Q: 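Following this message is one structure expressed as structure tokens.
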Amino acid sequence: MTKLAFERPIIQRINAGLPSKYGMSHRLEPLSHIDGTPIKDLIGEFGSPLFVLSESTIRKTYKEAHRAFSSRYPNVQFAWSYKTNYLNAVCNVFHQEGAWAEVVSGFEYDKAIANGVPGELILFNGPDKSTEDLQKAIRNNSLIHIDHFDELYEIIHLSKEMTERPKVAIRVNMDTGIYPKWDRFGFNYENGEAWDALNRIMANKNLDLMGLHTHIGTYMMSVDAYRIAAGKLADLAIKLERKHGHVLKYIDMGGGFASKNTLRGAYYPGTDTAPSFDDFAEAITSVLMSSDIKPDHLPMLILETGRAMIDDAGYLVGTVIANKRLADGRRATILDAGVNLLFTAFWYEHDVRPVQPVSDQTEDTTLYGPLCMNIDVIRGNVMFPLLKKGDQYVIKRVGAYNNTQWMQFITLRPNVVMLDSKGNPHLIRKREVLETINSQEVMPEHLKQFKL
Ligand SMILES: *Cc1c(COP(=O)(O)O)cnc(C)c1O
């Protein structure tokens with residue numbers, strides 16, 4: 001008889017679904033359907049892993065955000081932040097809802113134009129606009145948000161050679177009580193640089209000053225920061241009217257509202273702590289409405305909300321590859337999607353659910369992705385039921401930044417589908433194949449042959 005291999009015993013807490021100190025059990029409710037469509041069928045048809053976007057959730061969230069602001073302020077306009085998710089189908093849902101485009105590079109600018117957004121409804125942000133980008137934007141009457149003096153001087157220079165008048169705004173950075181300060185973009189408010197830039201624009205006969213822009217941070221939990229920022233932009237608007245008799249067309253408060261995801265290490269879940277659109281809208285609009293700006297001169301209020309607008313609409317679904325025990329006895333479950341697809345796993349504790357019914361028994365588990373890399377962790381430590389090889393999982397709130405920041409690393413990027421309002425899936429981005437990658441590569445003649 002062969003001797004059985006020794007396996008080190010481990011001690012585990014029994015968790016029978018009793019209330020914890022939060023008053024609820026650890027039971028993770030399975031999520032079997034998205035918008036009425038079985039996840040199992042989606043994986044069957046489109047493969048695993050798979051990104052799933054809910055068109056109705058995008059539209060519902062947009063309407064909620066728009067209502068929060070437009071019920072409090074006379075003239076509200078949203079612009080879709082392309083870098084948050086620039087899959088064309090996603091952009092077009094926002095454009096159908098009435099959003100303009102907010103872009104931060106020549107590539108995103110061209111994408112918006114190709115999607116059919118009129119040039120004059122594109123807000124061009126970002127520190128890197130080439131001469132060609134600026135010429136294009138001026139020709140198309142786009143709204144150029146100037147980031148620094150070198151860009152201002154270049155626009156002034158171009159305006160002398162071109163027939164169209166550049167439509168500009170400046171990006172303003174400021175102390176909003178949030179640290180570290182975001183002072184790398186735009187002109188500073190406190191040290192007078194923003195006011196200096198505005199005076200230079202007003203002194204120039206070729207430029208049309210359209211508005212003021214700020215983008216104070218991202219995943220902002222503080223509505224007070226927006227109150228401070230709106231107050232400082234209103235002050236600049238009032239000074240412009242007082243000194244130059246110039247009335248601005250818009251004030252753009254940028255993006256940055258926190259989504260309902262939970263930050264790593266946070267004590268309470270993001271669903272409980274993120275301020276609502278109503279909270280943000282109340283803070284911003286009350287400052288603008290009660291500022292010294294004359295009521296009939298109130299500028300259009302533009303918002304570039306990104307992550308809070310789309311996080312909830314995105315799901316990453318997939319299949320369990322294996323389970324194993326780590327050396328310390330903890331369970332490790334290996335998923336077929338890793339940080340290559342879910343960049344946001346680095347800063348969020350994503351809500352991961354089983355798709356099929358599971359037992360109430362949960363256990364401390366590390367959820368790994370499939371990459372050959374130690375940092376490929378989707379959840380470092382989560383009370384999770386046992387999912388077996390072949391079982392399916394779903395990761396919630398992945399709509400923001402993952403379809404733009406994902407990497408082609410070790411493996412290929414999967415299909416992305418959008419569920420329409422009836423729950424019918426539409427393929428909106430095809431999975432990559434070897435040819436997708438190889439088509440970008442060029443082999444020098446002398447390296448084409450080898451003999452082993
Ligand atoms: C990234 C970005 C946004 C969107 O930010 P969120 O934090 O996703 O809301 C808006 N405006 C500008 C200028 C940006 O760079």
Side-chain angles (χ1 to χ4, degrees), residues 58 61-62 64-66 68-69 76-87 90-91 94 99-109 111-112 121-129 133 137 142-148 151 168-174 176 178 182-187 194 211-223 225-226 229-230 233 250-261 263 270 274-277 279-281 283-284 301-314 343-344 346-348 397-405:
I58 299 176
T61 311
Y62 182 89
E64 216 177 285
H66 196 275
F69 281 88
V76 172
Q77 179 63 50
F78 278 82
W80 175 238
S81 156
Y82 263 47
K83 77 169 186 293
T84 308
N85 190 323
Y86 46 55
L87 294 176
V90 169
C91 296
F94 283 111
W100 297 358
E102 185 275 322
V103 303
V104 293
S105 68
F107 157 66
E108 289 188 0
Y109 185 91
K111 225 168 186 291
L121 305 185
I122 301 177
L123 308 172
F124 199 168
N125 284 312
D128 171 25
K129 307 179 189 84
D133 293 338
S142 299
L143 300 155
I144 304 172
H145 290 181
I146 304 171
D147 186 75
H148 45 262
E151 187 171 293
V168 302
I170 62 161
R171 176 162 177 171
V172 182
N173 71 64
M174 58 186 82
T176 59
I178 300 290
W182 267 34
D183 55 5
R184 99 146 255 214
F185 302 108
F187 302 89
L212 297 170
H213 171 255
T214 191
H215 175 60
I216 59 175
T218 193
Y219 199 90
M220 302 285 290
M221 307 275 282
S222 160
V223 300
Y226 284 93
L233 292 192
Y250 64 86
I251 282 183
D252 182 342
M253 292 299 297
F257 302 159
S259 74
K260 297 195 200 79
N261 259 307
L263 284 184
S276 65
F277 288 126
D279 296 333
F280 287 116
I284 292 169
L301 171 59
I302 297 181
L303 298 139
E304 304 169 345
T305 312
R307 68 176 73 241
M309 198 69 103
I310 188 138
D311 240 357
D312 282 3
F343 203 79
T344 52
F346 288 124
W347 56 83
Y348 286 148
R397 296 198 183 87
V398 304
Y401 294 102
N402 288 305
N403 294 144
T404 47
Q405 288 187 305

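Ligands are counted one by one from 1 in listed order, and the atoms in each one are counted from 1 as well. If you're wondering where the values come from, they're calculated on a predicted model, not measured in any experiment. Reckoned from all heavy atoms, side chains included, excluding hydrogens, waters and symmetry mates.
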Q: Any Lys/Arg nitrogen of Glu151 or Lys129 sitting under 4.0 Å from an Asp/Glu carboxylate oxygen of the other?
A: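 Yes.
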Q: How would you list all residue pairs meeting salt bridge (charged side-chain N to carboxylate O under 4.0 Å, His left out) that involve residues 251-260, not counting sequence neighbours?
A: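 As it turns out, the salt bridge (charged side-chain N to carboxylate O under 4.0 Å, His left out) pairs with a partner in residues 251-260, which skip direct neighbours, are Lys260-Asp312.
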Q: Strictly under 4.0 angstrom, heavy-atom based: which residues surround ligand 1?
A: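 Contacting ligand 1 under 4.0 Å are Ser81, Lys83, Thr84, Glu102, Asn125, Arg171, His213, His215, Thr218, Gly255, Gly256, Glu304, Thr305, Gly306, Arg307, Tyr401.
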Q: Ser276: which residues meet the side chain to side chain donor-acceptor pair (under 3.5 Å) condition with it, sequence neighbours left out?
A: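 Testing Ser276 for side chain to side chain donor-acceptor pair (under 3.5 Å), a comparison that skips the adjacent residues, returns Asp279.
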Q: Should Phe343 and Tyr401 be marked as a ring pair (Phe, Tyr, Trp, His ring centres under 6.0 Å) after you check the CA-CA gap, both sets of side-chain angles, and the distance that decides it?
A: CA-CA 8 Å; Phe343 203 79; Tyr401 294 102; 9.6 Å; no
Q: Just jot down the side chain to side chain contact (heavy atoms under 4.5 Å, CB included) partners of Ala281, sequence neighbours excluded, or say none.
A: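 Result, side chain to side chain contact (heavy atoms under 4.5 Å, CB included) vs Ala281: Ala68, Phe69, Arg72.
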Q: Assert yes or no for the condition that the ring centre distance of Phe78 to Phe94 is strictly below 6.0 Å.
A: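 No, too far apart.
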